[in-house]
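Note sheet for the following structure.
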2 protein chains.
Amino acid sequence: MERVTLQTIADRVGVSRTTVSNAFSRPDQLNEELRRRILEVAGELGYPGPHPAARTLRRGRAGVIGVVFTETLSYAFADSYAVGFLRGLASVAEQSGTGVHLIGWPSPDLAEEVIGDAVVDGFCLFSPEGHPLVETVLRRRLPVVTVDYPYVEGVPFVGIEDRAAARRAAEHVLGLGHRRVAVLGVQPVVGRTNRDWLDLDRPGDLRFGAGRARLAGYRDACEDAGLEWKDVVLDRTANDRELARRAAARLLDADPRPTAVLAPTDEVAFAVLDVAAQRGIEVPRELSVIGFDDVPAAAPAGLTTVRQPITEKGTTAGRLLVEPPRGEAAPCVIMPTELVVRRTTAPPPDAGA
Amino acid sequence: MERVTLQTIADRVGVSRTTVSNAFSRPDQLNEELRRRILEVAGELGYPGPHPAARTLRRGRAGVIGVVFTETLSYAFADSYAVGFLRGLASVAEQSGTGVHLIGWPSPDLAEEVIGDAVVDGFCLFSPEGHPLVETVLRRRLPVVTVDYPYVEGVPFVGIEDRAAARRAAEHVLGLGHRRVAVLGVQPVVGRTNRDWLDLDRPGDLRFGAGRARLAGYRDACEDAGLEWKDVVLDRTANDRELARRAAARLLDADPRPTAVLAPTDEVAFAVLDVAAQRGIEVPRELSVIGFDDVPAAAPAGLTTVRQPITEKGTTAGRLLVEPPRGEAAPCVIMPTELVVRRTTAPPPDAGA
DNA sequence: CCCTAGTTCTGAATTGATTAAGAAGCGACC
DNA sequence: GGTCGCTTCTTAATCAATTCAGAACTAGGG
């Protein structure tokens with residue numbers, strides 16, 4: 001069976017290719033009767049409709065935006081924060097008939113290829129930890145929005161003040177009287193050298209993302225409260241429930257046990273709560289836990305956390321891509337955050353002592 | 001600034017367009033030294049790389065698969081089942097360097113347009129309720145996999161035996177001694193006429209999906225247990241936590257209150273648990289609740305439910321699209337399900353009476 | 001010296017549409 | 001009758017690449 005194109009139909013009906021094209025794309029340009037006949041013949045021949053790639057090529061518009069993740073897609077879908085963001089972005093995209101093309105990071109070279117081959121009108125870089133493929137994406141010379149990290153001069157940006165927000169979280173816990181505080185740093189899962197990752201004074205590079213910013217915020221608060229940062233129990237893990245559980249176990253099995261854990265994401269906070277429950281440690285009487293993000297599961301779990309407008313971040317990024325701003329000044333949207341006190345934080349057990 | 005294409009570079013370097021193309025796509029076809037020079041000039045001119053649409057057009061391959069949902073994308077991301085499925089599908093896609101293009105259903109005509117314009121090599125129809133756009137998708141004459149519903153002759157299919165699985169769920173509850181049983185039917189959110197939706201004997205059309213199949217399974221079990229289906233309290237809602245809460249409230253405020261609720265999705269079961277908690281109804285002592293799907297949140301909540309291999313469904317569908325089967329017989333994959341008894345089902349309070 | 005093979009590059013055809021410019025036909029108006 | 005404008009359709013150019021067949025050149029073997 002031959003391939004059916006506009007030309008095939010044109011020959012059959014005895015009109016020009018242009019007219020057939022118009023029958024599909026600009027009905028006002030031809031006689032209604034003729035149009036019906038063309039569509040009928042198209043149906044008979046099993047014509048699948050105008051070829052999208054050819055159309056895109058000619059029109060110079062794909063009607064799709066690409067979302068590039070720092071981790072594998074499988075991981076992105078396991079993360080409530082990422083899912084919430086996508087939810088927002090997808091909702092504005094689809095309302096304008098724009099598709100969403102997801103691009104993960106299975107391996108550096110594969111991702112590079114996929115980015116180069118993506119038929120899209122713009123990219124959103126969703127990268128809590130700074131994106132190693134920023135360069136690759138920028139090279140496409142399409143509209144781009146970065147979310148969270150990195151901030152690139154001249155590129156629209158959507159994010160929050162991670163450091164300040166984390167500081168407020170820590171202040172809340174310290175304000176309750178906690179002094180034996182533990183912190184869990186999160187770092188990306190996929191392979192990158194993470195040497196010195198916890199050294200907050202090291203100059204920031206692309207990898208200086210939300211994880212380190214939040215750590216820095218915790219440190220700010222601790223030092224203000226007269227705590228030495230080096231006295232704070234510090235461990236690190238990834239934003240993955242299972243891995244985080246292991247790190248949480250290390251913290252909670254320490255002697256003396258910390259009375260409060262600052263978790264830089266809710267996912268990690270949940271892991272701490274899991275392990276505490278396993279150990280029979282009562283929260284918040286014996287242990288305070290605070291998270292970050294306020295994912296949907298946080299409220300039912302009663303988790304004290306820092307709320308950031310997850311879905312709104314998505315809609316904002318989506319809008320910036322669906323209608324890229326024409327002016328010269330790239331918008332830099334900083335979203336508000338809010339401390340949400342629930343039932344996992346309380347004064348330490350020895351508060352009166 | 002002029003647009004930079006292969007030709008621009010070719011003219012600058014003084015070679016043919018073909019050679020420049022080879023420099024990017026087939027490095028073995030030209031001298032290493034020349035290639036370096038071409039790439040260098042490309043860099044100077046700010047060439048964004050071979051145009052993906054042109055490439056796709058010529059190659060006849062997009063390297064992307066489309067996933068079409070029955071609901072809005074925003075809804076898809078709110079549903080753990082959909083997210084789990086996507087997780088599986090995305091993981092196999094990205095491992096082969098294949099992109100994932102998401103298509104929601106904001107409005108019938110917009111969706112039709114988006115499907116026609118999607119630059120993809122195949123489609124996955126993800127549709128718990130039978131997809132109204134099956135025809136539109138099939139018209140593209142690309143490889144297709146339908147998931148759950150509908151089953152179309154000659155089109156690869158991935159699903160489970162909803163009816164049989166639901167029957168086993170109901171049998172579990174009835175086996176515990178429950179006789180005042182309530183059922184919550186789920187139906188799609190977006191606008192379609194739902195008249196007669198609960199009439200299970202009406203011949204199945206495209207809309208006859210998981211919701212009705214599960215209901216039918218409940219009925220099978222009830223009738224086997226000597227219960228009249230018309231005596232079973234039946235209400236319907238959507239697979240949305242908030243809407244389901246309202247329906248759950250109606251059920252639980254009834255007098256006499258049912259001792260067991262069969263929820264055809266975990267999401268609905270959670271809503272029932274929420275309302276029960278609000279009312280101070282003790283689960284499972286006063287009320288048994290059983291769900292369906294076994295989404296990740298089910299285990300921590302202790303929800304008794306029917307497990308279906310959500311992520312595996314995704315990987316299976318993904319594989320069928322990344323490497324479409326060449327043979328004539330379209331594969332029809334029926335996945336296994338399993339009753340998972342946890343802590344939300346028990347004998348009814350009046351069991352001894 | 002000739003023939004073959006291999007490397008490196010070119011020219012032309014091809015992929016499947018959209019679009020701008022223009023031609024033909026026809027009625028209305030002055 | 002001329003011309004203006006409208007509808008309807010066509011011609012040719014364009015979008016930006018890939019690919020196939022073949023040309024030019026070099027080197028090696030006989």
Side-chain angles (χ1 to χ4, degrees), chain A residues 2-39 41-42 45-63 113 116-121 139-142, chain B residues 1-39 41-42 45-63 113 116-121 140-142:
Chain A
E2 260 311 290
R3 237 179 177 308
V4 182
T5 71
L6 283 189
Q7 190 67 67
T8 322
I9 302 170
D11 294 347
R12 251 302 178 78
V13 180
V15 295
S16 76
R17 178 164 72 245
T18 302
T19 302
V20 181
S21 172
N22 285 334
F24 283 96
S25 307
R26 308 175 63 182
D28 56 312
Q29 294 294 302
L30 77 171
N31 183 286
E32 184 53 37
E33 169 57 30
L34 176 60
R35 173 159 190 259
R36 225 194 315 274
R37 224 174 72 235
I38 290 175
L39 259 35
V41 171
L45 294 176
Y47 177 62
H51 193 296
R55 201 170 228 198
T56 297
L57 175 60
R58 182 60 236 235
R59 287 191 174 158
R61 202 185 100 55
E113 194 187 308
D117 266 351
V119 183
V120 297
D121 298 322
R139 205 173 307 137
R140 286 283 308 265
R141 278 153 209 275
L142 293 172
Chain B
M1 195 170 70
E2 260 310 292
R3 236 179 178 309
V4 183
T5 72
L6 283 189
Q7 190 67 68
T8 324
I9 301 170
D11 295 348
R12 251 303 177 76
V13 180
V15 294
S16 76
R17 178 164 72 246
T18 304
T19 301
V20 181
S21 173
N22 285 333
F24 283 97
S25 307
R26 308 175 63 181
D28 56 311
Q29 294 293 301
L30 77 171
N31 184 285
E32 185 51 37
E33 169 57 30
L34 176 59
R35 174 159 190 259
R36 224 192 317 273
R37 226 176 68 236
I38 290 175
L39 261 34
V41 171
L45 295 176
Y47 177 62
H51 194 294
R55 198 171 229 198
T56 298
L57 176 59
R58 182 62 237 237
R59 286 191 174 159
R61 208 189 90 79
E113 195 189 307
D117 267 351
V119 183
V120 298
D121 297 322
R140 287 282 309 264
R141 280 156 206 274
L142 294 172

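Note on naming: letters A, B, ... go to the chains in the order of the sequence lines (proteins, then strands), and numbering restarts at 1 for each one. A quick note: this is a predicted structure, and the numbers were derived from the prediction, not measured.
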Practice task
Could you check how far CZ of A/Arg17 sits from P of C/dA17, rounded to whole Å?
Solution key: 9 Å
Problem - Side chain B/Asp121, main chain B/Ala62, donor-acceptor under 3.5 Å - result: yes
Problem - 5' priority, DNA chain C, between B/Leu30 and B/Leu57 [closest heavy atom] - result: B/Leu30
Exercise for the section: Identify the 5'-most and 3'-most nucleotides of DNA chain D with at least one atom closer than 4.0 Å to a non-hydrogen atom of chain A. Expected result: D/dT8 to D/dA16
Exercise for the section: Mind checking A/Phe24 for me? I need base, sugar-phosphate or nothing, with any heavy atom below 4.0 Å counting as a touch. Expected result: nothing
Problem - Atom-pair distance (CZ on A/Arg26; P on C/dA21), nearest Å - result: 12 Å
Practice task
Determine, stepwise, if the pair B/Thr5 / B/His51 fulfils side-chain contact (heavy atoms from CB on, under 4.5 Å).
Solution key: CA-CA 8 Å; B/Thr5 72; B/His51 194 294; over 6 Å; no
Handout entry: CZ/B/Arg12: more than 12 non-hydrogen atoms of other groups inside 6.0 Å
Key = no
Exercise for the section: To the nearest Å, give me how far apart CG (B/Asp117) and P (C/dA17) are. Expected result: 12 Å
Handout entry: Shortest non-hydrogen contact between A/Arg141 and B/Gly46, atoms and distance
Key = NE-O, 3.0 Å
Problem - Check: A/Arg58 side chain, C/dT18 base, donor-acceptor under 3.5 Å - result: yes
Practice task
Please determine if a side-chain N or O atom of B/Ser16 lies less than 4.0 Å away from the OP1 or OP2 oxygen of C/dT10.
Solution key: yes
Problem - Rounded interatomic separation in angstrom, taking CZ from B/Arg140 and C1' from C/dG16 - result: 13 Å
Practice task
To the nearest 10°, let me know how far the axis at one end of the helix from C/dC1-D/dG30 to C/dC30-D/dG1 is tilted from the axis at the other, five pairs an end.
Solution key: 50°
Handout entry: Atom pair distance, as rounded to whole Å: CG in A/Leu6 and P in C/dG16
Key = 10 Å
Exercise for the section: Compare side-chain N and O positions of B/Thr19 against OP1 and OP2 of C/dT10 and report whether any pair is under 4.0 Å apart. Expected result: yes
Handout entry: salt bridge (charged side-chain N to carboxylate O under 4.0 Å, His left out) partners for B/Arg26, two or more places apart
Key = none
Completion exercise
Nearest heavy-atom contact between B/Gly116 and B/Arg140 is O-NH1, 3.3 Å
Fill in the blank from the handout: In whole angstroms, the gap separating C1' of C/dA17 from CZ of A/Arg61 amounts to 16 Å
Practice task
Identify whether any heavy atom of A/Thr56 sits under 4.0 Å from a base atom; if not, whether one sits that close to sugar-phosphate; answer base, sugar-phosphate or nothing.
Solution key: nothing
Exercise for the section: Kindly give the heavy-atom pair with the smallest separation between A/Leu6 and A/Phe24, and that separation in Å. Expected result: CD2-CD1, 4.3 Å
Exercise for the section: Output yes when at least one side-chain N/O atom of A/Arg55 is less than 4.0 Å from OP1 or OP2 of C/dT18, else no. Expected result: yes
Problem - Protein-nucleotide distance (A/Gln7, atom CD; C/dT14, atom P), rounded to Å - result: 13 Å
Handout entry: B/Arg17 backbone acceptor or donor facing B/Ser21 side chain under 3.5 Å
Key = no
Exercise for the section: Could you walk me through whether B/Leu34 and B/Val13 pass side-chain contact (heavy atoms from CB on, under 4.5 Å), step by step? Expected result: CA-CA 9 Å; B/Leu34 176 59; B/Val13 180; 4.3 Å; yes
Practice task
Compare all side-chain heavy atoms of A/Leu30 with those of A/Ile38 and state whether any distance is below 4.5 angstrom.
Solution key: yes
Practice task
Taking only the side-chain heavy atoms of B/Thr18 (C-beta and beyond), determine which of C/dT8, C/dT10, C/dA17 contains the nearest atom.
Solution key: C/dT10
Exercise for the section: Nearest whole angstrom, please: distance from the C1' of C/dT14 to the CZ of B/Arg59. Expected result: 15 Å
